[in-house]
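Take a look at the structure below.
Each chain gets a letter, A, B and so on, in the order the sequences are listed, and its residues count up from 1.
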Amino acid sequence: MAQELSKQYNPQDTESKWYKVWEQNNLFSAKPSPDKLPYCIVIPPPNVTGILHMGHALNNTIQDILIRYKKMRGFAALWMPGVDHAGIATQNVVEKALAKEGLKRQDLGREKFLEKVWEWKQLYGSTIINQLKKLGCACDWERARFTMDQEYSLAVTEVFVRLYEKKLIYQGHYIINWCPRCQTALSDEEAARAELQGSLYYLKYPFKILGDSPQKTGTVPKYTDEFIIVATTRPETMFGDTAVAVNPKDKRYKKYIGKTLILPLIKREIKIIADSSVDMEFGTGAVKVTPAHDPNDYVLGKKHNLEFIKIMHPDGSMNEIAEKYSGLDRFKAREAVLEDLKQLGLLEKIIAHTFSAGHCYRCQTIVEPYLSQQWFIKMKPLAKPAIKAVKKGEIKFYPDRWTKVYLNWMDNIQDWCISRQIWWGHRMPVYYCKNCQEKNPKAGIIVSRIKPSKCPKCASESLTQEEDVLDTWFSSWLWPFATFYWPKENADLKYFYPTATLVTAPEIIFFWVARMIMAGFEFKQQIPFKNVYIHGTVRDSQGKKMSKSLGNALDPLEVIAEYGTDALRFSLISITSQGQDVYLSKDRFEQGRNFANKIWNASRFILINLKPEDVNVDLCVFFKREQLDIVNRWILSRFYTTLEKVGKELDNFKFNEAASSLYAFFWHEFCDWYLELIKPQIGEKQTQIVMYKVLEKYLRLIHPFMPFISEEIWQRLPGAKDSTPSTHPGLKPGVCSGLMVSKVEPSIMQQNWPHLQSELINKQDELQMELAFEVINVIRNMRAELEVNPASRIDIQISAMSKLTQKSLEQLLSYIKNLAKVNALTLTEKYIAQNNQYAVVFKDLHIVMPLEGVADAAQQINKTNLKIDKLKSEIKNKEAMLANKNFTLRAPEEIVEAEKNKLIDMREQVKKLEAIKNGLR
RNA sequence: GGGCGCAUAGCUCAGUUGGUUAGAGCGCUACAUUCACAUUGUAGAAGUCGUAGGUUCGAGUCCUAUUGCGCCCACCA
């Protein structure tokens, strides 16, 4: 027996119930299967400290739709979940917690601190996992991976050793992005530039008096009144200056090249050098060179053999080189330096200047370009095959325009700084032999998979491991294969790799997508995935990126609590056109909620009227198309048209279009028309079967989008749930899926995607029904115009000029009568004009409403007259008002404009009413 | 400096390779309430598709120029 549904859908009860059922029945697990094709999604590992935001909700909804869809299409669909260890972020969180107890990580020491981090991970690390479950994500949780897992770490070590042995990893002194707060190096991608309103300071560097040599004599150096002015945004870096550079072509400075300047405040002697890279237009055309604190100056320093002088401690405070400024934070030092220069008359001017500086992606501190010993990967050789694969189309980006962005970055790829001076992360498999290093500082480096007990060269046992850990992305870039326990070659890896699709946000292309492709080729000699779907950024209705720090974030969990998961998912997906940014405000979710309610109530109506004994048959066996009446033929044709369309849209990653196709079909065709049309014939067997089948199949179509409500209703449907053979594109050739009649499955999740019965799509049927809809609309309009009581039935004559239309209409009469509330509907060949009737011409039809017996024509005319009179007097008032200069001159323009428009509207209305009145006579 | 995206109804946006009358959601107006659903139904008002040229029988769609907004990359002393 059909179970009755409650009047209102309650998402909260439904959702937690079904997720548990799915989990308990192991429906998320995907195993290699000999007769199925694999479809694997690699989840962008959310960071372990993360909490679900709208971006995640969108990203994971898309992935879940893909997985559920592919599963129904017969693929062995695997969604491999997990989290990454988010080195800096996690360390920050734990350090913050420690700070509350008044502790620093240094107080605990490395071992103890890491214990604390693991503790924290055990307690809070699964927050995001639980939130993904609330979203309904069909992840194979048994496979959940963590980048710091033992097996995963083995892959990280393996990769490091291999790259080192190929000489693609090297150690060197370079200028890197240094975060003084986190006290670690950052990759270029982790130090995104942001515009700053700052100042450009013009400093005077005086010339040295010839012959004076204070460094030798120990006396105070003397300088002349002459000087060169340099412009800088970071005056505090002057202590590291070892030259001033000018363009050799610059006439202003040509004569000074090679002369010596005295660096104010600390009185160092510096030379003026010439370099063509200096922009003559910018500032004064003379630039101070600080090789240890600026990447460009670093290049200059190397080229001109300058001294590299570091002037800061790792925490961003000045060191002893800065003499009396030593110990001051860099920004405090800037103020002090400026003040002192001003006193000395060496500050020429300050002008406002916008510039951009790197900001730490975790704490937003302005990063300092800092010279230090770091580890790097040579990227150019890795990039080669990764560029080729995308150019050849082995990997496709959706939308395509990201291909260009990717290629552009790859063509200009820079070496990747992979060392981080933090504790939480994979420690590098690098060991130093003290003994060897004493003899030669460049020797004594041992890179090994297992910690060596003694130095292979000198057999010394005094070995220390590198303190630095690896960039988190150094583990994430291995995700597509390391999650399958690579470097072991197991069956899962063989079956699921390369994976099918990666769904991610644009900001992650460089961080992660590009690097995964490179890792795929380097370590698996293969692409890691075939498709990369890049979705838009979620923004608020102002267009700002949603983020916690801006306080404009809509919490998906709140939305779920208020509207339900299905509503959240459906709304999100229907406003995400391919690759466009998503603008969100809360009322968006009402649409999704209303739609869920509509599905619920339509299903409720069907279940109330369903005779289960009738529906337990196979549609395609029981009925041929010709045996069905026009309404049932029509809805089947529309259903299969929709099925075909949605399939194509999903295959092309057009999720919003699929959602809107599903929405329009269900609401505006199935509910608005079909269910209304069949009400008088709902007991008929053919109608019973068709309405049931369409609903049952529709639930399967909507399931990837709205998994919970579709499951809840589907479970309450009686009878055979699936009886048509599936197309099963995911099955390997030669495998027959067979008929699956009445097979009891615990879940809609395991059902096939409905088989496309294209023989049931018939454009003729669709056109015929459309004619009925149009006629019904015309009659409804006529009623509205004449203000016929909505409850009363009227008589209508329709004359069709063509025989064909007439024949079409004959089958439709009862439906038209029903939905247009017509009493007697007569069909005639020719239209003969008569008195006392209201006629409308539509296409080749005359639709005529005789007025006697329907409404008192005279009364209608009176009513219309009254309306016209009222309008006319209002028009007079308006005209007088607009003629009044007091009004037109004093009132705001937009109000005058609005009044004018109102006047125009009213005149048009009068015209219309007069036309109707004439029709009535 | 280089690249990309967007501009369509009051608002937020769809519109696949050029093709009948340019769509949706929200909002607005009028009417409807023993009916599966007011989280509803019926109907209505509302658009010179940013601007200017061009290609074409035909342009929201293709080309050129231009304006405004947003994003990315590089540079930034």
Side-chain angles (χ1 to χ4, degrees), chain A residues 4-5 7-9 188 192-193 195-196 198 200-203 230-235 237 241 244-245 277-279 282-290 294-297 300 353-357 399 401-402 404-405 408-409 412 506-507 509-510 536-537 539 541 543-545 563 567 571 574-585 587-588 590-609 645 648-649 652 654 656-657 659-660 663-664 667-668 671-672 675-676 679 776-777 780-785 787 789-791 819-821 901 905 908-909:
Chain A
E4 259 195 53
L5 303 183
K7 197 163 176 182
Q8 284 226 331
Y9 173 55
D188 292 342
R193 286 171 177 276
E195 290 254 304
L196 283 176
L200 193 57
Y201 306 93
Y202 286 72
L203 314 182
V230 295
T232 180
T233 53
R234 295 186 296 150
T237 61
D241 288 5
V244 165
S277 69
V278 177
D279 180 358
F282 192 90
T284 60
V287 53
K288 62 194 264 311
V289 183
T290 324
D294 183 277
N296 295 309
D297 295 0
L300 275 180
H353 179 64
T354 38
F355 66 106
S356 65
R401 71 181 125 94
W402 294 107
K404 242 175 125 177
V405 177
N408 187 39
W409 187 76
N412 300 301
E507 58 263 31
I509 292 178
F510 306 138
T537 307
R539 299 172 188 282
S541 46
K544 291 208 179 92
K545 188 173 165 177
Y563 300 99
S571 291
S574 51
I575 54 180
T576 317
S577 65
Q578 200 178 58
Q580 275 317 113
D581 286 355
V582 179
Y583 293 78
L584 265 190
S585 62
D587 53 355
R588 288 275 177 186
E590 275 176 30
Q591 188 193 350
R593 179 201 56 186
N594 294 356
F595 186 45
N597 186 252
K598 192 73 180 176
I599 295 176
W600 184 258
N601 275 296
S603 307
R604 181 166 174 254
F605 170 75
I606 290 173
L607 282 175
I608 286 169
N609 290 290
K645 204 161 164 257
K648 273 185 193 156
E649 285 159 345
N652 290 305
K654 310 225 162 170
N656 67 317
E657 289 176 35
S660 95
Y663 180 92
W667 200 310
H668 298 308
C671 291
D672 286 354
L675 291 185
E676 293 303 324
K679 274 179 182 171
I776 290 166
N777 272 331
R780 280 173 176 170
N781 266 322
M782 291 165 81
R783 297 176 60 116
E785 277 163 23
E787 289 191 349
N789 181 344
L819 293 195
K821 291 231 159 127
N901 287 336
D905 282 355
E908 267 177 26
Q909 244 180 317

Exercise for review: Sugar-phosphate atoms are those with a prime plus P, OP1 and OP2; base atoms are the rest. Using that split, label each nucleotide of nucleotides 30-42 of chain B B, S or - for protein heavy atoms under 4.0 Å, 5' to 3'.
Suggested key: ------BB-BSSS
Pairwise [atom1] distance for [N] and [M], with rounding to whole Å:
N	M	atom1	result
B:G68	B:U8	C1'	16 Å
B:A9	B:A14	P	12 Å
B:U48	B:A22	P	12 Å
B:U66	B:G2	P	12 Å
B:G27	B:C63	P	38 Å
B:C49	B:C6	C1'	14 Å
B:G53	B:G47	P	23 Å
B:G44	B:A7	C1'	28 Å

Drop me the distance from [X]'s [atom1] to [Y]'s [atom2], to the nearest 0.5 angstrom.
X	Y	atom1	atom2	answer
A:S660	A:K645	OG	NZ	6.0 Å
A:Q8	A:R604	CD	CZ	9.5 Å
A:I575	A:R588	CD1	CZ	4.5 Å
A:K598	A:H668	NZ	NE2	9.0 Å

Review point. Heavy atoms under 4.0 Å, any strand shown: does A:V289 hit a base, just sugar-phosphate, or nothing?
Key: nothing
Check your understanding: Within the structure shown, what part of the strands sits under 4.0 Å from A:T232 by heavy-atom distance: base, sugar-phosphate, or nothing?
Key -> sugar-phosphate
With sequence neighbours left out, what residues match [X] under side-chain contact (heavy atoms from CB on, under 4.5 Å)?
X	answer
A:V230	A:L203, A:Y205, A:I228, A:V244, A:A286, A:K288
A:A567	A:Y563, A:R593
A:N597	A:N601

Starting at [atom1] of [X] and ending at [atom2] of [N], how long is that distance when rounded to a whole Å?
X	N	atom1	atom2	value
A:N656	B:C13	CG	P	13 Å
A:Y663	B:G23	OH	P	17 Å
A:N408	B:G1	CG	P	18 Å
A:I575	B:A24	CD1	C1'	13 Å
A:K645	B:A14	NZ	P	16 Å
A:N412	B:G1	CG	C1'	14 Å
A:E590	B:C11	CD	C1'	15 Å
A:R588	B:G27	CZ	P	12 Å

Check your understanding: Do you know which two heavy atoms are closest between A:Y202 and A:G283, and how far apart they sit?
Key -> OH-CA, 3.7 Å
Check your understanding: Which pair of non-hydrogen atoms, one from A:W402 and one from A:P506, has the smallest distance, and what is that distance?
Key -> CH2-CB, 3.5 Å
Point to revise | Working for side chain to side chain donor-acceptor pair (under 3.5 Å), residues A:N656 and A:S574 | key: CA-CA 4 Å; A:N656 67 317; A:S574 51; over 6 Å; no
Exercise for review: Side-chain contact test, heavy atoms from C-beta onward, threshold under 4.5 Å: evaluate it for A:R234 versus A:D294 and give yes or no.
Suggested key: yes
Review point. Hey, are the side chains of A:D241 and A:D297 touching, using non-hydrogen atoms and a 4.5 Å cut-off?
Key: no
List every contact pair, protein side and nucleotides 16-19 of chain B side both N or O, where the distance is under 3.5 Å.
none

Check your understanding: Which class fits the ring pair A:W667 and A:Y663: parallel under 30°, tilted 30 to 60°, perpendicular over 60°?
Key -> tilted
Review point. Using Watson-Crick and G-U wobble pairs whose two distances are both under 3.5 Å, how do you write the pairing of RNA chain B as dot-bracket, with | for links to another strand?
Key: (((((((..((((.....[...)))).(((((.......))))).....(((((..]....))))))))))))....
